[in-house]
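Everything on this sheet refers to the single structure shown next.
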Amino acid sequence: MTYPNSLRPRRLRLTAPIRNMVRETTLSVNDFIYPLFVVSGTNVKEEIPSMPGCYHLSVDNAVELAREIYALGIPAIEIFGLPEYKTEDGASAWDMTSPVQRAMTAIKKVLPDLVIVGDVCLCQYTTHGHCGHLQGHYVDNDATVTLLTKIAVSQAACGADIIAPSDMMDGRVAAIRAALDHEGFINTSILSYAAKFASAFYGPFRDAADSAPQFGDRRQYQMDPANGREALKEIDLDIQEGADMIIIKPAMTYLDLVAKARQRIDVPIAVYNVSGEYAMVKAAAQNGWIDEKRIVLESLTSMKRAGADLIITYHALDAARWLKQ
Ligand code: PBG
């Protein structure tokens, strides 16, 4: 007896070749941006405890890792740094001899085709750990924006192809665009952290980057996780100000906004699959509770399915290897 219903979606799932033919979303090594943390000194490679598989690297070792990243076909890295000194205004963020600037220069020299993204923020560089210039307990928006433009220009001068401001001050994209253009960096693009939420998922990063605020939290400037419409407003504003691409961050708990943004805007969308998301997967995998490879590839695919073009992820090296198999 034949089953009366002729609607059988399983026909297209029956064999691997057919599944391959009808797959709607593909994950590719070209989607990845790998973040790395540079420190001063030489021959330093220290694993970050809450981010197994990620390291604090001195510039020489960062160059070696960059070679490996490039050889895997990953198109881009995003460089974070731990400076040699911290001050009230965060001056080591635009110091041309700081680890970030030195790493950019060294990597660009040996790997001119590896795209370098520079994270522009102050929290790693200020004694108070906030993302800007303080007035009492208030982060002064416009004074901060002026400092951010200096960081952006210093990174562009060291070879950064893309500037990624992660501070969440108002008006910084327009100011950075103007400063880059003024200094002749008309082809340096801006990937703005347009919708960055005040998230508990940044915990491991703050240990890694030694950037936890010394008082209070970042809710004065980072977004309320409850606000989706406001995220779309922030994205629209950054594009109006000249952002070439935008980031939604964190990734997995904000994929509804990726899908909405995809319907609304035409610039490339990146998601930042942040440290806490990474740490949870690693911890569960180390306990043998999950299949790490399948969990990672499924998670990254869901980001693409939601509408992301690019994924900033600490899983990039593993995922690139798995995709080659
Ligand atoms: C700096 C910055 C943060 C992250 C990227 N850039 C931390 C923060 O805002 O506290 C988080 C990245 C991650 O958790 O992986 N402003």
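Computed from heavy atoms alone, side chains included, the values below leave out hydrogens, waters and symmetry copies. If you read the sequence from its start, that first residue is 1, and numbering goes on from there. Both ligands and their constituent atoms are indexed starting at 1 by order of listing.
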Only distances under 3.5 Å count here; give the side-chain donor-acceptor pairs of residues 147-158 to other protein atoms, sequence neighbours excluded, each with its distance to 0.1 Å.
| residue | atom | partner | partner atom | Å |
| --- | --- | --- | --- | --- |
| T149 | OG1 | T146 | O | 2.6 |
| S154 | OG | Q101 | NE2 | 2.9 |
| S154 | OG | I151 | O | 2.8 |
| Q155 | NE2 | D119 | O | 3.1 |

Taking the non-hydrogen atoms of S166, is any one of them nearer than 4.0 angstrom to ligand 1? yes
Note the single closest protein heavy atom to [atom], along with its residue, its atom name and the distance in Å.
atom	result
atom 5 (C) of ligand 1	K249 NZ, 2.6 Å
atom 14 (O) of ligand 1	S275 OG, 2.7 Å
atom 3 (C) of ligand 1	F205 CE2, 3.3 Å
atom 10 (O) of ligand 1	R206 NE, 2.6 Å

Quick look: Y278 vs ligand 1, heavy-atom contacts under 4.0 Å, and the answer is neither
Relative to ligand 1, is D119 under 4.0 angstrom through side chain, backbone, both or neither, heavy atoms considered? side chain
Could you tell me if the ring centre of H315 sits under 6.0 Å from that of Y278? yes
With respect to Y314, determine whether any N or O atom, backbone or side chain, lies less than 3.5 Å from an N or O atom of ligand 1. yes
Nearest neighbour of atom 9 (O) of ligand 1 from the list M168, H130, K196, on a heavy-atom basis: K196
Considering only heavy atoms of [X], which atoms of ligand 1 have at least one such atom less than 4.0 Å away?
X	answer
Y272	12 (C), 15 (O)
Q222	8 (C), 9 (O)
C123	1 (C), 16 (N)

R218 vs R206 side-chain heavy atoms within contact, under 4.5 Å: yes
Looking only at non-hydrogen atoms, find the nearest pair between N61 and L57 and report the distance. CB-CD2, 4.0 Å
Expected output: side-chain N227 to main-chain E230 donor-acceptor under 3.5 Å: no
Presence of salt bridge, R67 and E64, under 4.0 angstrom: yes
Transitive ILVMFWY side-chain link M168 to L237, under 4.5 Å: no
Measure up the F215 and H137 rings against each other and bin them: parallel (under 30°), tilted (30 to 60°), perpendicular (over 60°). parallel
